[in-house]
2 protein chains.
Amino acid sequence: MSKCEQCIVRQFSSIKALNKEQLVQMANCKTSYTIKKGESIFEEGETLNGVYCIKDGVCKLSKLSQNGKDQIIKLGKPGELLGQRSMISDESANLSATALEDMEVCFVPKNEILQFFNQNNDFSMNVMRTICGDLKEADEHMVDMAQKTVKQRLAEVLIYLEESFGKNEDGSIRIQLSREELAGMIGTATESCIRLLSEMNKTKVIEIQGKKIFLKDKKALQKIS
Amino acid sequence: MSKCEQCIVRQFSSIKALNKEQLVQMANCKTSYTIKKGESIFEEGETLNGVYCIKDGVCKLSKLSQNGKDQIIKLGKPGELLGQRSMISDESANLSATALEDMEVCFVPKNEILQFFNQNNDFSMNVMRTICGDLKEADEHMVDMAQKTVKQRLAEVLIYLEESFGKNEDGSIRIQLSREELAGMIGTATESCIRLLSEMNKTKVIEIQGKKIFLKDKKALQKIS
DNA sequence: ATCAAAGTATGACAAATATCATATTTTAAA
DNA sequence: TTTAAAATATGATATTTGTCATACTTTGAT
């Protein structure tokens, strides 16, 4: 069992507020999992008995719409806790979490987290600030969804992906989403997404090499979005 | 100065967790305001030095989009606190609050609220649960915005308005939004909103008498949404 | 290595929605 | 009360986006 104290993601997480003792306690009760790309961490509606801390890899947090499409609400990356909202509201999961890459996550039981939550004011404030940040982002996304065109949203998402997850050595966006997932992020039909990517490829704003996407003209993208 | 202890909205609010002593303290530091219909309580970007507790009336919480349209994120009603998120994140307001009816609101300075927040665990949990509820709703709205048609969203909003704010004696929806505001809630152009209302009026799903809207066939509305 | 399945791509068309123009009605200010 | 401004309504049209069909390409399992 690895020690939370030495975990690299600790510093990027709400967990950085925990003291040594609490970190030891957490290390003793946590369970580590390896999740393969495409596998689910938890599903919408499921009862979560704790939170998951992302140690490595990226996942999507999505919600199924009435028409059967998967809308991606946000992406989760190392350091983030999944299931915080469900824990506080004492409700089942509102979103599904699915690995976009091979992942390592640690499960920490609810009891423990709630204990830290009550003991440690810095920790609870960190968690709350995260949730408040999510709320702000969600509100902003809502405005985008309602008022921007699909093209604008696509440009926005491409910039977001590069800025948040970085580039490979060859300059392509590190995170690779399928066209369907990309469509799920911007809230459109897969074909529309593909079509717009093709168009941006033709106009040299981006370059497409199979699954790889290169942002060639960021200023133009900014302008579009 | 009226006493918070005797305020009717107290029981519907996070504030119900405060003890007598805290309620007295709150009554002593709060400021009451009367806000006329159409007036602003605070604006997006403004620094809030506390929270507003809605005593009476309904307001819209909206955000300006790039194209100059006002997207309504949610409606606030008696008992709700405005500005909680900004207080916790220690950021300026993300949304503007505007009265849809004449309102009475009480302003409570940040210091006081934060003090209660730290002293009283039930109160802080109530506030957090509210914010978590807002987040869940925002995520659900995002899916709707992305995946439902304007007509579906309009039907959904009409049902929501009646169920959340009730009916007048004549059976019309109590809350009266302008067509522009209604369009702002569902995220569409005012003309499109008017057109769909006319259509629903023709098909007898709703009835329109000037600003008054009657839901004539709720089942049909449910089916549409 | 082969093959079926999944993912990507593109065209043709239909449906939904926005935009612009303009008429009518309602509201509020002088 | 009158009158200008704002809100509501509707038509005509353009644009955006979704859907269906089909072809091509990549991927992964046997």
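Just so it is clear: chains get the letters A, B, ... in the order the sequence lines come, proteins before strands, and each one is counted from 1.
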**Request:** With axes from five pairs an end, tell me the bend angle of the helix from dA1(C)-dT30(D) to dA30(C)-dT1(D), nearest 10°.
**Result:** 50°

**Request:** List the protein contact pattern of nucleotides 19-30 of chain C with one symbol per nucleotide (5' to 3'): B for base contact, S for sugar-phosphate-only contact, - for none; contact means a heavy-atom distance under 4.0 Å.
**Result:** BB----------

**Request:** Measure across Leu48(B) and Gly83(B) and return the closest heavy-atom pair with its distance rounded to 0.1 Å.
**Result:** CD1-CA, 3.9 Å

**Message:** Contact between Lys223(B) and Lys218(B) at the side-chain level, heavy atoms closer than 4.5 Å - yes or no?
**Reply:** no

**Request:** Say whether, by atom type as modelled, one donor and one acceptor occur between the side chain of Ser13(B) and the main chain of Gly79(B) under 3.5 angstrom.
**Result:** yes

Residues 98-109 of chain B, side-chain donor-acceptor partners within the protein, below 3.5 Å, at least two apart:
residue	atom	partner	partner atom	Å
Glu101(B)	OE1	Val58(B)	N	3.2
Glu101(B)	OE2	Arg174(B)	NH1	3.1
Asp102(B)	OD1	Lys37(B)	N	2.9

**Asked** Rounded to the nearest Å, what distance is computed from the CD1 atom of residue Ile186(B) to the C1' atom of nucleotide dA16(C)?
**Response** 13 Å

**Fill in**
The side-chain hydrogen bond (donor to acceptor under 3.5 Å, both in side chains) partners of Glu44(B) (sequence neighbours excluded) come to Lys63(B)

**Asked** Within this structure, what is the CG-to-P distance between Leu182(A) and dA9(C), rounded to whole angstrom?
**Response** 11 Å

Please table the atom pairs, donor to acceptor, closer than 3.5 Å between any side-chain atom in residues 192-202 of chain B and protein atoms at least two apart or in another chain.
residue	atom	partner	partner atom	Å
Ser198(B)	OG	Ile194(B)	O	3.1
Glu199(B)	OE2	Lys151(B)	NZ	2.8
Asn201(B)	OD1	Ile208(B)	N	3.1

**Request:** In whole angstrom, give the distance that lies between atom CD1 of Ile194(A) and atom P of dT25(D).
**Result:** 15 Å

**Message:** Using a 3.5 Å distance criterion without hydrogens, assess whether the side chain of Ser164(B) forms a donor-acceptor pair with backbone atoms of Tyr160(B).
**Reply:** yes

**Asked** Within a reach of under 6.0 Å around NZ of Lys77(B), are more than 12 heavy atoms found that belong to other residues, nucleotides or ligands?
**Response** yes

**Asked** Heavy-atom contacts under 4.0 Å between residues 140-162 of chain A and DNA chain D, which residues?
**Response** Thr149(A), Val150(A)

**Item:** From CA spacing to verdict: side-chain hydrogen bond (donor to acceptor under 3.5 Å, both in side chains), Gln66(A), Gln147(B)
**Value:** CA-CA 8 Å; Gln66(A) 285 182 322; Gln147(B) 310 280 3; over 6 Å; no

**Prompt:** Considering only dA18(C), dG7(C), dT17(D), which nucleotide approaches the side chain of Thr188(A) most closely?
**Reply:** dT17(D)

**Request:** Give a yes or no on whether a salt bridge exists between Lys60(A) and Glu181(A), defined as a side-chain N under 4.0 angstrom from a carboxylate O.
**Result:** yes

**Prompt:** Which is true for Thr190(A) with a 4.0 Å heavy-atom rule: it touches a base, it touches only sugar-phosphate, or it touches nothing?
**Reply:** nothing

**Message:** In this structure, how many angstroms lie between the C1' atom of dA6(C) and the CG atom of Leu177(A), rounded?
**Reply:** 17 Å

**Request:** In whole angstrom, give the distance that lies between atom CD of Gln176(B) and atom P of dA7(D).
**Result:** 14 Å

**Leu196(B) CG to dT17(C) P, straight-line distance once rounded to whole Å** = 7 Å

**Prompt:** How close or far is atom C1' of dT8(C) from atom NZ of Lys212(A), stated in whole angstroms?
**Reply:** 17 Å

**Request:** Classify the angle between the aromatic ring planes of Tyr33(A) and Tyr52(A) as parallel (below 30°), tilted (30 to 60°) or perpendicular (above 60°).
**Result:** tilted

**Asked** When the distance from CE of Met200(B) to C1' of dA9(D) is rounded to whole Å, what number comes out?
**Response** 17 Å

